[in-house]
There are 2 protein chains.
Amino acid sequence: MDRLLEVTVLFQHDMESNLGARGLTVSRTHLLWVLHHAGPCKQHELAEALDVTPRNVTGLVDALVATGFVVREPHPTDRRATLVILSDKGAATMEAMAAEREQVADGLVAGMSAATVDRMTGDLEVVLLNLRTMISEAGRTPESP
Amino acid sequence: MDRLLEVTVLFQHDMESNLGARGLTVSRTHLLWVLHHAGPCKQHELAEALDVTPRNVTGLVDALVATGFVVREPHPTDRRATLVILSDKGAATMEAMAAEREQVADGLVAGMSAATVDRMTGDLEVVLLNLRTMISEAGRTPESP
DNA sequence: TATTGTTATACTCTATAACTATA
DNA sequence: TATAGTTATAGAGTATAACAATA
């Protein structure tokens, strides 16, 4: 199972490098990702989607506005709320990332037959179920780094 | 390949919860892990092992001393350096974590035959190689959260 | 009264740069 | 001069609590 951890760590690390080159961080990208899929959102909705406090969203959106990835607009019907919307730059970035994502997914299974990939996917599904079961059952799982 | 990411995210999240319950963080545990395997270290050595600045190690060790997981001792031959050593509490914690780790590894593949596990391990090895190749080749890999 | 977002404050991880004590 | 660790400063993510404006 150390393979899994190793893949995890490498992936994470590489991801941060690439985002950094684009002027983004993991958290901010996560927020952009939600906007990309859900469309314009209230900050409150973003907080729920990211499982983070509203205060935290304020900071992330501030940073994304400053770097031009999103814009704030007043909510049409609720004057307490603000809508967060992808800018042209933000939308283009998300498009590019989605495309890259496909490439990477293909690259990861390079040299493996479709059957093998399906098989591994099924195996991982079992692991995922086991993991979920363990988490909900007790709330244990250890260290590692 | 989304299975992989999902496993990754769940794992990470659960790990943080458990460490938090013990009064630890991922970074601090990583440092303890190095001490557990390498024995007493100079802070400089820890900085290299964790791939982090010496200044950062100072902060981590400060926190671990304050919470009683490690102690600082003068280096026997180099009076510039300090040795960081696991306390009894720290050592006991690492032992417990190592044991739990085995349990979790078993739990992850519960219901899978030994042959299936071997097969999946081999598949993941290929993925790992592909990932390494992609990283060194260019330095690309995308987002995702 | 309840909700939305903000200011205020604080903790953790991380980095660079400058400084002290030793080699 | 070079090395080990520290102080000083800064930026990112995160959290709680108190507060304003609006429902």
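Chain letters run A, B, ... following the sequence lines, proteins first and then strands; every chain starts at 1. If you're wondering where the values come from, they're calculated on a predicted model, not measured in any experiment.
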Exercise. C:dA21 C1' sits how many Å from B:His44 NE2, rounded?
Worked result: 16 Å
Seminar exercise, completed: From CG of A:Leu31 across to P of D:dA12 the rounded distance in Å is 15 Å
Seminar exercise, completed: Of C:dT22, C:dG5, C:dA2, the nucleotide closest to the side chain of A:Gln43 is C:dG5
For this session: Measure the spacing between CE of A:Met15 and OG1 of A:Thr25 and express it to the nearest 0.5 Å.
Result: 10.0 Å
Problem set entry | Distance test, side-chain N/O of B:Thr82 to OP1/OP2 of D:dG5, below 4.0 Å | yes
Problem set entry | Presence of A:Asn56 side-chain N/O under 4.0 Å of D:dT14 phosphate oxygens OP1/OP2 | yes
Exercise. Base, sugar-phosphate, or nothing for B:Arg28, non-hydrogen atoms under 4.0 angstrom?
Worked result: sugar-phosphate
Problem set entry | Pairing residues for B:Asp123 by the side chain to side chain donor-acceptor pair (under 3.5 Å) criterion, not counting sequence neighbours | A:Arg119
Problem set entry | Check against side chain to side chain contact (heavy atoms under 4.5 Å, CB included), B:Leu32 and B:Leu24 | CA-CA 10 Å; B:Leu32 294 181; B:Leu24 285 171; 3.9 Å; yes
Problem set entry | side chain to side chain donor-acceptor pair (under 3.5 Å) involving B:Gln12 - partner list, sequence neighbours excluded | none
Exercise. Looking only at heavy atoms, which two atoms of A:Leu83 and A:Pro40 are closest? And how far apart?
Worked result: CD2-C, 4.4 Å
Seminar exercise, completed: Heavy atoms of A:Val7 and B:Leu131 approach each other most closely as O-CD2, 4.0 Å
Exercise. Any side-chain heavy atom of B:His30 within less than 4.5 Å of one from B:Val26?
Worked result: no
Exercise. Which ones in residues 59-79 of chain B lie close to DNA chain C, meaning a heavy atom under 4.0 Å from one of its atoms?
Worked result: B:Leu60, B:Thr77, B:Asp78, B:Arg79
For this session: Strictly below 4.0 Å, heavy-atom distances to any atom of DNA chain C: list the hits from residues 45-54 of chain B, or just say none.
Result: B:Val52, B:Thr53
Problem set entry | Distance (rounded to the nearest 0.5 Å) between B:Phe69 CZ and B:Thr29 OG1 | 8.0 Å
Exercise. Would A:Asp62 and A:Arg72 count as a salt bridge (Lys or Arg N to Asp or Glu O under 4.0 Å) if you check the C-alpha gap in whole Å, the side-chain angles of each, and the deciding distance to 0.1 Å?
Worked result: CA-CA 9 Å; A:Asp62 281 353; A:Arg72 279 193 175 99; 2.9 Å; yes
For this session: Name the nucleic acid region contacted by B:Ser27, choosing base, sugar-phosphate or nothing; use a 4.0 angstrom heavy-atom cut-off, strictly under.
Result: sugar-phosphate
Exercise. When you look at B:Met97 and B:Glu100, which way does the side chain to side chain contact (heavy atoms under 4.5 Å, CB included) test go after all the steps?
Worked result: CA-CA 5 Å; B:Met97 279 188 174; B:Glu100 257 183 56; 5.5 Å; no
Exercise. Side chain of A:Arg55, base of D:dT16: donor and acceptor closer than 3.5 Å?
Worked result: no
Exercise. Taking CD from A:Glu16 and C1' from C:dC13, how many angstroms apart are they, rounded to a whole number?
Worked result: 11 Å
For this session: Provide, to the nearest angstrom, the distance between the CG atom belonging to A:Leu19 and the C1' atom belonging to C:dT14.
Result: 17 Å
Exercise. Can you tell me how far the NE2 atom of A:His13 sits from the CD1 atom of B:Ile135, to the nearest 0.5 Å?
Worked result: 9.5 Å
For this session: Ignoring backbone atoms, test whether A:Lys42 places a side-chain nitrogen or oxygen under 4.0 Å from the OP1 or OP2 oxygen of C:dT4.
Result: yes
Exercise. Contact class for A:Thr25 (heavy atom, under 4.0 Å): base, sugar-phosphate, or nothing?
Worked result: sugar-phosphate
Seminar exercise, completed: side-chain contact (heavy atoms from CB on, under 4.5 Å) filter on B:Asp118, not counting sequence neighbours, yields none
For this session: Find the distance B:Arg80:CZ to D:dA4:P and express it as a whole number of Å.
Result: 6 Å
Is there any protein nitrogen or oxygen under 3.5 Å from a nitrogen or oxygen in nucleotides 18-20 of chain D, and what are the pairs?
none

